[in-house]
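Beneath this line is the structure, given in structure tokens, with notes to follow.
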Amino acid sequence: MRILLSIGCDDYQSAPPLRGAANDAISVFAALVGEEQHQYDPDRSRLLISPTGEQFRQAISSILYENRGITVFTLYFAGHATVFDETLYLALVDTAVDRIPASAIGFPDVLRTTAGARPKQANFIIDACNAAGLGFDIGAILKRTIVGNSDTMGISFLASSAAEQSAEESPDGGRFTIEFTRILRGEVFVQQASPFLSLAEIAQRIQSTAKMGSQAISYWSLNLQGPNLFAKNTNFLGPAYAVDDIASRFKNQKIEVGKHAADFKSELAKIGTGISERTLAKRLENVFSEIEAEQRPSLIHGLAAGLKLELAEAQDAFLEARVHSVLLGQLLGLCPPIAQSSIVAEIIEWHREANGRAILRLNQALDSDRNALLDAGFSDLYELPIRISDIFGYCALLLIGQRTPSIQISNLVYEVAEKILRRYGNSVVALTDDQATGYLLFLEICRTNNWAALGEEIAGRLYHDLHRNFARCADYSLSADKQFIVLGERYENSYALTREIYSGPSDLTTVILSFCAILNLDEAIDDTLIEIDHTPVNYFIPTRVEQLGLCRDIEGTNYTLMLGHDFWRCIDLRRILYADIAPKLQQSASSLSWEARFCAAAGALALRDRQPWYIVRI
């Protein structure tokens, strides 16, 4: 059951009248409500023109609590709105401007009322001045005291203006709603591949039009019931049964995220300001442990779609791709192959688009700002080398994520890598195992693309620093105190060895020595290998490559070699790799599809502490 409550207020008793809000509500109601299948229910949906606050409360209460089994509930509001003490208030006809909290409708109250009725998905579209002020109230829906047992409600918000902006209107309606309803009627094309339009897609399409001028569109979503099915897509080119199939599965599924819901939602709420991929992955795995495997892909797809627009504008250009890397690793490791097959290609495409935008943005920033990769502070001594290796890793994923990479994309990646080496070459150092995955991916890309000079310079710089620092590489995810110790021992040329902060065997050392051998750097390094004698290297071959994106311990086999015992020169290591190790590495992923191999690589890069050696084809 799909129900719409559409409200438009023009005639205010104490606030200035509006001209087009009523027309906005009427046009949205006409576009969404009808007798056709998958439109909003015409008997239960309501259209209110200039209602009082009490009429609004009665309408939303009766709609939500007298109709059980609501799959999609949508509230549309056009009229005055204001932010007071960091709370958004919707102004109905009898709102007194001098007593807003007492006479207007606080948005948190709307959220409480909706959450208590437990619709599977709730959509809120606000076309009003200050509409994005609802962002102040989003935290309210994350509190268990408000959500109660409704851990599974998917929720999406679309606001027509920023918290301090006006929403422009004419007698025909608001600028935003005019574009909004054109999309709903199919007059403006959004996509033709999916039978339903999500609020995220609509927001992106409106945001891209010049007709909105400086009016900022805001969108936020937490979809815990799969992809947002806001409106039927009139431009869908697929068969009719696809629409029925998706709607039927959505109606029947019941995802309970259980006792970890609060922590999970809290982590998602913080994503826009930055993430720890490992923390996010752990939250996801905790939630997934409590729901059926067949239901997990819908949740992952909903999260990816819901976060897509919000993360695209993040200060960290790579944030969207980083989140998608986590989700792809989880999708591969925790979802049945059949269940994930329908959505994996779409999320990979989103990853590729986001990653491409980030790398292009970085390329432009490097032209205008020589310090584009620097953050102010002492931490850059430790964090910058890791930041660089992560960027190299995402450059590699951009190429790996295309079956046939274009010349343009290849040139972009090469150009970015050259600029990084030219301006930050002294930070291409062998500091910590957190760098291993990024360099493994990128050095293999250099080899397969015949970028010999680029690959040799990176491998050479890393080996030079490794040799200079006695083959000591810091362990994964060190605390700030331990990072300080590492820097002290490194830059004081100390021979001390604080053992709990170094890895042995080191994954980064393994990557560096392996690629020195694979790239035939024999003449450059053979004579100095004796000076780091007894250095161990280790290749971990997982029993299931599909689990590389999971935080949990994964089963597999370690193959450890010792410099000075098992090999003495590059040629010795190369022979072992070619004859023994590489075939085992390739066999571990031989049954995986191209999509699965990409997901495993992306998940490994997100978590950093596991190496997708299967990508190295030698």
Side-chain angles (χ1 to χ4, degrees), residues 277 318 321-322 324-326 328-329 332 348 351-352 354-356 358-359 362 385-403 405 409-410 412-414 416-418 420-421 428 430-452 454-459 461-463 473 476 506-519 537 539-542 545-546 548-549 577 581-582 585-586 588-589 592 594-618:
E277 288 94 330
F318 287 90
R322 290 168 58 203
H324 285 154
S325 291
V326 172
L328 287 171
L332 179 65
I348 289 176
H351 185 289
R352 187 194 65 78
N355 197 16
I359 293 172
L362 174 62
I386 303 173
R387 197 174 306 132
I388 289 172
S389 63
D390 284 347
I391 290 171
F392 280 135
Y394 277 99
C395 284
L397 285 182
L398 183 60
L399 294 177
I400 296 171
Q402 302 176 89
R403 294 180 185 272
I409 295 296
S410 296
L412 172 63
V413 168
Y414 189 89
V416 167
E418 277 202 319
I420 290 175
L421 286 177
V428 178
L431 180 62
T432 168
D433 275 358
D434 288 320
Q435 302 168 272
T437 312
Y439 280 121
L440 188 160
L441 292 170
F442 192 75
L443 287 171
E444 174 61 9
I445 285 296
C446 289
R447 190 184 68 83
T448 56
N449 283 274
N450 297 315
W451 296 343
L454 192 61
E456 290 171 6
E457 180 176 354
I458 293 173
R461 284 179 177 273
L462 291 171
Y463 176 76
C473 291
Y476 290 102
S506 157
D507 286 333
L508 181 58
T509 297
T510 303
V511 169
I512 294 170
L513 293 181
S514 298
F515 275 96
C516 284
I518 294 169
L519 297 174
V537 298
Y539 304 90
F540 177 74
I541 303 178
V545 172
E546 300 96 308
L548 284 179
L577 284 172
I581 304 296
L585 295 168
Q586 286 300 306
S588 68
L592 296 185
W594 172 84
E595 290 85 359
R597 293 167 68 92
F598 179 85
C599 290
L605 180 61
L607 299 183
R608 291 180 178 162
D609 65 344
R610 47 212 64 203
Q611 310 308 313
W613 279 106
Y614 66 86
I615 73 161
V616 181
R617 296 181 174 274
I618 52 179

Note to self: Run Leu585 and Leu577 through side chain to side chain contact (heavy atoms under 4.5 Å, CB included) and show every step you take.
What the structure shows: CA-CA 10 Å; Leu585 295 168; Leu577 284 172; 5.5 Å; no
Notebook entry, point to check: How close do Cys395 and Val416 get, heavy atom to heavy atom, and via which atoms?
Noted result: SG-CG1, 4.2 Å
Checklist line | Residue pair Cys473 / Thr509: nearest heavy atoms and the distance that separates them | finding: SG-OG1, 3.6 Å
Check: What closest approach, in Å, do Asn449 and Ser410 show between heavy atoms, and which atom pair accounts for it?
Finding: OD1-OG, 4.4 Å
Next item on the list: Mind checking the OG-CD1 spacing from Ser506 to Ile512? Nearest 0.5 Å is all I need.
Entry: 7.0 Å
Note to self: Determine whether a donor-acceptor pair (N or O, by modelled atom type, separation under 3.5 Å) exists between the side chain of Glu444 and the backbone of Leu441.
What the structure shows: no
Item checked: Side chains of Asp609 and Asp433 in contact at under 4.5 Å (non-hydrogen atoms) -> no
Note to self: I want to check something: taking the side chain as every heavy atom from C-beta on, are Leu443 and Phe392 in contact at a cut-off of under 4.5 Å?
What the structure shows: no
Note to self: Please report the interatomic distance CG(Leu440) to OG1(Thr510), rounded to the nearest 0.5 Å.
What the structure shows: 10.0 Å
Next item on the list: Could you go through the side chain to side chain contact (heavy atoms under 4.5 Å, CB included) check for Ile445 and Tyr414 one step at a time?
Entry: CA-CA 10 Å; Ile445 285 296; Tyr414 189 89; over 6 Å; no
Next item on the list: Any chance you could measure Glu546, atom CD, to Ser588, atom OG, to the nearest 0.5 Å?
Entry: 9.5 Å
Item checked: Gap between atom SG of Cys446 and atom CZ of Phe515 - 0.5 Å precision -> 9.0 Å
Note to self: Please give me the minimum heavy-atom distance between Leu519 and Ala459, naming the atom from each residue.
What the structure shows: CD1-CB, 4.1 Å
Note to self: I'd like to know whether Leu454 forms a side chain to side chain contact (heavy atoms under 4.5 Å, CB included) with Leu421, so could you lay out the CA-CA distance, the side-chain angles of the two residues, the decisive distance to 0.1 Å, and finally the verdict.
What the structure shows: CA-CA 9 Å; Leu454 192 61; Leu421 286 177; 3.4 Å; yes
Checklist line | Nearest heavy-atom neighbours spanning Gly401 and Phe598 | finding: CA-CE1, 3.4 Å
Next item on the list: Might you work through the side chain to side chain contact (heavy atoms under 4.5 Å, CB included) test for Asp507 and Val511, ending with a clear yes or no?
Entry: CA-CA 6 Å; Asp507 286 333; Val511 169; 5.6 Å; no
Margin query: So does Arg617 get a backbone contact from the side chain of Arg447, meaning a donor-acceptor N/O pair under 3.5 Å?
Written below: yes
Notebook entry, point to check: If you round to the nearest 0.5 Å, how far is CH2 of Trp594 from CD of Gln402?
Noted result: 8.5 Å
Check: What pairs with Tyr476 under ring-ring contact (aromatic ring centres under 6.0 Å, His included), at least two apart in sequence or on another chain?
Finding: none
Next item on the list: Decide yes or no for Leu399 and Phe442: does some side-chain heavy atom of the first lie under 4.5 Å from some side-chain heavy atom of the second?
Entry: no
Item checked: Side-chain donor or acceptor of Tyr614 paired with backbone N/O of Arg597 under 3.5 Å -> yes
Next item on the list: Might you point out which heavy atoms bring Ala602 and Leu328 nearest each other, and give the distance in Å?
Entry: CB-CD1, 4.4 Å
Checklist line | Test item: Gln435 and Thr432 side chains (from C-beta on) under 4.5 Å apart, heavy atoms | finding: yes
Notebook entry, point to check: From Ser389 OG over to Leu508 CG, what is the distance, rounded to the nearest 0.5 angstrom?
Noted result: 8.5 Å
Notebook entry, point to check: Ala604: what forms a side chain to side chain contact (heavy atoms under 4.5 Å, CB included) with it, not counting sequence neighbours?
Noted result: Thr437, Leu548, Arg610, Pro612
Check: Does Asp390 reach the side chain of Arg322, with side-chain heavy atoms less than 4.5 Å apart?
Finding: no
Item checked: Side-chain heavy atoms of Leu431 within contact of Pro385, under 4.5 Å -> yes
Check: Any idea how Tyr394 and His351 line up, ring-wise: parallel (<30°), tilted (30 to 60°), or perpendicular (>60°)?
Finding: parallel
Note to self: Treating Asn355 as the side-chain partner and Ala321 as the backbone partner, does any N or O pair qualify as donor plus acceptor under 3.5 Å?
What the structure shows: no
